[in-house]
Protein chains: 2
Amino acid sequence: MALFLSTFTNKVDKKGRVSVPAPFRAALVGQNFNGLVAFRSYRLPAIEGLDMARMEQFSESADALDLFSEEHEDITATIFADAVQLPFDGEGRIVLPQNLVDHAGIDESATFVGRGRTFQIWQPGKFEDFQGQARERARDQGLTLRLRPGQDGDR
Amino acid sequence: MALFLSTFTNKVDKKGRVSVPAPFRAALVGQNFNGLVAFRSYRLPAIEGLDMARMEQFSESADALDLFSEEHEDITATIFADAVQLPFDGEGRIVLPQNLVDHAGIDESATFVGRGRTFQIWQPGKFEDFQGQARERARDQGLTLRLRPGQDGDR
DNA sequence: TCTAAACCCATTGACGCCCATCAAATCCCA
DNA sequence: TGGGATTTGATGGGCGTCAATGGGTTTAGA
């Protein structure tokens, strides 16, 4: 599976189109669906972005919950109902729906933020603030990452 | 199997017809029956929508329950007895039966809500409220979706 | 014969698709 | 190694197509 790395800021044109950074596009090829899936983060003023394979995986995981249970209802209402498929145009751009734009407070530019298996889309200024705070927390709390044993990195 | 994503709100015309969103229609092709199956949700003021394959799956799951048990009686009465087949017209519209419309409180518009393997049909305002509450619960309870083990992400 | 559902056709507005331009990074060769 | 040429990615705009919608007409069943 592809890794989404680094951050890119692109312009949103009058039609609401944004170019998806070429490296991200390269990580999103080879699906049935030529585009990406997006939904509003329920914790942050940001848009979550992922590929269809990941969404299918969510779907299978959600199927493991009891149907008609409250947990199932909440998960599907916050993720699947909120998700949109955003196809690429010939130039590799997407159109961000109004409700996503509103949620993230995006205006003339959008920042694509790599987060490993997924990525996020932010209003540039808001991401800058958020990243600054995250770095502070990481430093103050001595954040560490434990590697999973027995797992090769190149899966 | 089909994956239903996003929400779409369409108008109900004077004849009671609603366009089923094109992406949903695309997920509903390839059945014997050109249309969808619907029944009243027993927990929510909404209409459950699905394809025939999913209905078959429900049937098999119900078979796992003891025949003539109260649970079996209740499930079959609530789901199978209540279900209706709604065929598409030439433009991909359906007509919602009166009892479903009443149950969901639908008037001039209907909201189609993707929920993964199935979808729901709501009165727009009611779904907005419900989704808002679901998002709150998701945030407050730190709702997460555990990915099913043994499933590779890189498919 | 009357009503309701199925079928057909017209309109319109958003979106997908195409082409043009421009900037930047890279490549190539003297 | 410097500078010109080429490629690739980002951006802008025009136009055709399809989905959603509305209404009329025919068919079937009561």
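Computed from a predicted structure; not experimentally measured. Chain letters run A, B, ... following the sequence lines, proteins first and then strands; every chain starts at 1. The figures here come from the full heavy-atom set of this structure, side chains too, leaving out hydrogens, waters and symmetry mates.
Look at NZ on B:Lys15: it is 12 Å from C1' on D:dT21, rounded to the nearest Å. Distance B:Glu108 CD to D:dA20 P: 18 Å, rounded to the nearest Å. Atoms CD (A:Glu91) and P (D:dG14) sit 15 Å apart, rounded to a whole Å. To the nearest angstrom, P of D:dG16 lies 18 Å from CG of A:Asp89. Residue A:Asp13 contributes atom CG, which lies 13 Å from atom C1' of D:dG14 at whole-angstrom precision. Between the CZ atom of B:Phe8 and the C1' atom of D:dT21 there is a distance of 17 Å, rounded to whole Å. Rounded to whole Å, the distance from CD1 on A:Ile94 to C1' on D:dT11 is 15 Å.
Residue-level contact check: B:Val18 touches neither bases nor backbone, having no heavy atom under 4.0 Å from any strand. Counting non-hydrogen atoms under 4.0 angstrom, B:Asn10 reaches the backbone sugars and phosphates but no base. The residue A:Val12 sits apart from the nucleic acid: no heavy atom pair falls under 4.0 Å.
Residue-to-nucleotide proximity on DNA chain C shows that, of A:Arg93 and B:Arg93, the 5′-proximal contact is made by B:Arg93.
Between the side chain of A:Arg17 and the base of D:dG13 there is at least one donor-acceptor pair of N/O atoms closer than 3.5 Å. For a distance-only test at 3.5 Å, the side chain of A:Arg25 fails to qualify as a donor-acceptor partner of the base of D:dG9.
One finds a salt bridge joining A:Glu73 and B:Arg43 here, because a Lys/Arg side-chain nitrogen approaches an Asp/Glu carboxylate oxygen to under 4.0 Å.
Using the six-membered ring where Trp is involved, B:Phe24 and B:Phe119 have ring planes that are tilted, between 30° and 60° apart.
Closest to the A:Lys11 side chain, of the nucleotides D:dA10, D:dG12, D:dA20, is D:dG12.
Between the side chain of A:Glu48 and the backbone N or O of A:Ser41 there is no donor-acceptor pair closer than 3.5 Å. In this structure, the side chain of A:Asn10 does not engage the main chain of A:Val18 through any donor-acceptor pair within 3.5 Å.
The closest side-chain heavy-atom distance from B:Phe8 to A:Val84 is not below 4.5 Å.
Taking CZ of A:Arg17 as the reference point, atom CZ of A:Arg93 lies at 4.0 Å (rounded to 0.5 Å).
Interface limits on DNA chain C: the 5'-most and 3'-most nucleotides within less than 4.0 Å of chain A heavy atoms are C:dG16 to C:dC19.
For B:Tyr42 and A:Phe68, the ring centers are positioned less than 6.0 Å apart.
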